[in-house]
K.L.:
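Just dropping this structure here.
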Number of protein chains: 2
Amino acid sequence: MNTLAEENYLKSIYHLSMDAGNVSTNQIAASLKTKASSVTDMLKKLADKALINYTRYQGVSLTPSGEKIAINIIRKHRLWEYFLVEKLNFKWDQVHDMAEEMEHISSAELIDRLDKFMDYPQHDPHGEPIPDCNGRFKAHELKPISALSVNDSGIISGVRDHTSSFLQYLEKQQLVIGKKIAITEIISFDHSVVLQVENIKEVHISREVANNLLIAL
Amino acid sequence: MNTLAEENYLKSIYHLSMDAGNVSTNQIAASLKTKASSVTDMLKKLADKALINYTRYQGVSLTPSGEKIAINIIRKHRLWEYFLVEKLNFKWDQVHDMAEEMEHISSAELIDRLDKFMDYPQHDPHGEPIPDCNGRFKAHELKPISALSVNDSGIISGVRDHTSSFLQYLEKQQLVIGKKIAITEIISFDHSVVLQVENIKEVHISREVANNLLIAL
DNA sequence: CTCATAATTTAGATAAGTCTAAATTTTTTA
DNA sequence: TAAAAAATTTAGACTTATCTAAATTATGAG
């Protein structure tokens, strides 16, 4: 159907589109760790296939069919991550690279059966929503801890940064998906935050961590 | 580590080596549905990497490191096939193409955990032995039904042909792995065979089917 | 043992995806 | 708003894996 490289470009464009509207050549190059000139070549190819809207120097957006492909890859990525954590007992910081390979397994029937096997999970191990077999999912409406005020509380439901060092740090602090937290104090000097984690313990996190840890109210 | 194409060549050479000693360029070309000239190019590359023993016009064999890689790919293929049948409820005739993709997922830890998750199966859905994480497995010593005589009996334990039409035919006749059969009659005219399948029914199979259905005595 | 045929390899081309370096367009800034 | 800087594209080259057609080597039939 589509090559591995094409799939990775579509996925990257999809993710970058979440932040901004039109995605630039340089953004794609950075996200795929490739050169801008390589990106331009691929953009022409994807535009020829009507998977993106592209005019020279103007950045790109996905067409409906491009978006459909991207969402399907993301569905596969997240279902495989869920499988790796829930069935094979990997930690949430270990699964990304494996899922990067597995998301390209083509069979739709396979992924639908995997979905059923795991009883149709709604979120992957990092809290991201898993699209259903029609590509539909509810975008989660989460706030970073840094947007909360003292005495606000909520449930840890996602992370903005997915690097393993960040995930390992969170795990060590028991700041994992599902935990209830309340804001005890916000240090005005550096915007760091003191949290009460359920009734377990108090944790002091930096502004950077607070920016990357997402809460459902 | 190795490219997808290299892995497929090594696997093909491994399988072909089972029948004959040295494998010819044309055999590989036929098995990979490619051209002999393409095979020659790849053989040079694999020889440079010390994965095969190759001298011009003389055919090839795997070196120990080439064999290790091949067996690992076969291990992955068979474990994924087992997973697809046992966990996702696919039929034995549906899983080959999916496993062809999945066998290239690189993580050794993933495959070892999958192995454990399924409780270390010894055979894939077609009766082929699954190598352990050190590449060891007992080569199964099976005979085709065509090698048996009247009143011989045994357990269906493998198939020589893996095409889905053959597997579907066997399934319809209830000639599946694990079933006990006994030879009732051999028709001398065409070497077709009449079988008693457990206490269920009698089946009449052609010489060709008898050649491709393997029995443990 | 020799010659025709079959098998294999070499030569040269192609397509996908990438790169560097140079050219072009857009954006910023003074 | 014109020049400098940044972003993007083009041009040309490289790698991997493939192909066709031609050349070479091996094999086997008489």
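Chain letters run A, B, ... following the sequence lines, proteins first, then strands; residues in each count from 1.
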K.L.:
Does A:Thr3 put a side-chain nitrogen or oxygen below 4.0 Å from OP1 or OP2 of C:dA16?
P.N.:
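Checking C:dA16 against A:Thr3, no side-chain N or O comes under 4.0 Å of OP1 or OP2.
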K.L.:
Hey, what's the ring geometry for A:Trp80 with A:Phe83, parallel, tilted or perpendicular (30° and 60° as the breaks)?
P.N.:
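If you compare the ring of A:Trp80 with that of A:Phe83, the planes turn out perpendicular.
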K.L.:
Would you say A:Lys45 reaches C:dA16's phosphate, i.e. side-chain N/O to OP1/OP2 under 4.0 Å?
P.N.:
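Negative; the distance criterion is not met.
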K.L.:
Without decimals, in angstroms, what is the distance between B:Glu6 CD and D:dT18 P?
P.N.:
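Going from B:Glu6 (CD) to D:dT18 (P), I get 10 Å.
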K.L.:
Could you tell me whether the phosphate oxygens of D:dT8, OP1 or OP2, come under 4.0 Å of any side-chain nitrogen or oxygen in A:Ser24?
P.N.:
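A:Ser24 to D:dT8 OP1/OP2: side-chain N or O found under 4.0 Å.
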K.L.:
Would you say the side chain of B:Tyr57 and the base of D:dT24 hold a donor-acceptor pair, judged only by whether the two atoms sit under 3.5 Å apart?
P.N.:
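Per atom types, the contact qualifies.
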K.L.:
So, B:Arg75 and B:Asp112, do they make that salt bridge, N to O below 4.0 Å?
P.N.:
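Between B:Asp112 and B:Arg75 there is a salt bridge, with a charged N closer than 4.0 Å to a carboxylate O.
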K.L.:
Can you tell me how far C1' of D:dT8 sits from CD of A:Gln27, to the nearest Å?
P.N.:
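Atom CD in A:Gln27 sits about 13 Å away from atom C1' in D:dT8.
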K.L.:
Any ion pair linking A:Glu7 and A:Lys11 (charged N to carboxylate O, less than 4.0 Å)?
P.N.:
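No, no charged N to carboxylate O under 4.0 Å.
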K.L.:
With a 4.0 Å limit, can you tell me whether B:Thr40 has a side-chain N or O closer than that to the phosphate oxygens OP1/OP2 of C:dT9?
P.N.:
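Checking C:dT9 against B:Thr40, a side-chain N or O does come within under 4.0 Å of OP1 or OP2.
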K.L.:
We want to know whether B:Ser192 and B:His204 form a side-chain donor-acceptor pair, criterion being a heavy-atom distance below 3.5 angstrom.
P.N.:
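Judged by distance alone, the side chains do pair up.
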K.L.:
Answer yes or no: does a side-chain N or O of A:Tyr9 lie under 4.0 Å from OP1 or OP2 of C:dT18?
P.N.:
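A:Tyr9 to C:dT18 OP1/OP2: side-chain N or O found under 4.0 Å.
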K.L.:
Looking at A:Asn26, I'd like to know whether one of its side-chain N or O atoms comes within less than 4.0 Å of OP1 or OP2 on D:dA6.
P.N.:
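Checking D:dA6 against A:Asn26, no side-chain N or O comes under 4.0 Å of OP1 or OP2.
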K.L.:
Taking CE from A:Met42 and P from C:dA15, how many angstroms apart are they, rounded to a whole number?
P.N.:
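After rounding, the reported distance stands at 16 Å.
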K.L.:
Whole Å only: how far is the NZ atom of A:Lys44 from the P atom of C:dG17?
P.N.:
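So the two atoms are 14 Å apart, to the nearest Å.
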K.L.:
Of the listed nucleotides (C:dA16, D:dC19, C:dT10), which one gets closest to any side-chain atom of B:Arg56?
P.N.:
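Looking only at side-chain atoms, B:Arg56 lies closest to C:dT10.
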K.L.:
I want to verify a distance call: between C:dC19, D:dA17, D:dT8, whose nearest atom is closest to the B:Ala5 side chain?
P.N.:
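Output: D:dA17.
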K.L.:
Between P on C:dA7 and OH on B:Tyr54, what's the gap in Å once rounded to a whole number?
P.N.:
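Atom OH in B:Tyr54 sits about 16 Å away from atom P in C:dA7.
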K.L.:
Using the ring of A:Phe117 (Phe, Tyr or Trp, six-membered ring only), decide whether A:Lys87 places NZ or CZ under 6.0 Å from its centre and within 45 degrees of its axis.
P.N.:
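Yes, a cation-pi geometry.
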K.L.:
Please report the distance, rounded to the nearest Å, between CG in B:Leu46 and P in D:dT16.
P.N.:
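Those two atoms, CG and P, are 13 Å apart.
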K.L.:
Could you tell me how far apart A:Gln58 (CD) and C:dT27 (C1') are, to the nearest whole angstrom?
P.N.:
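A:Gln58 atom CD is separated from C:dT27 atom C1' by 12 Å.
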K.L.:
Send over the distance from A:Asp41 CG to D:dT15 P, rounded to a whole Å.
P.N.:
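It works out to 17 Å between those atoms.
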K.L.:
Check whether any side-chain nitrogen or oxygen of B:Ser37 sits under 4.0 Å from OP1 or OP2 of D:dT18, and answer yes or no.
P.N.:
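No.
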K.L.:
Considering every strand and a 4.0 Å limit on heavy-atom distances, what is the contact class for B:Thr25: base, sugar-phosphate, or nothing?
P.N.:
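Sugar-phosphate: the residue B:Thr25, judged by heavy atoms under 4.0 Å, touches backbone atoms but no base.
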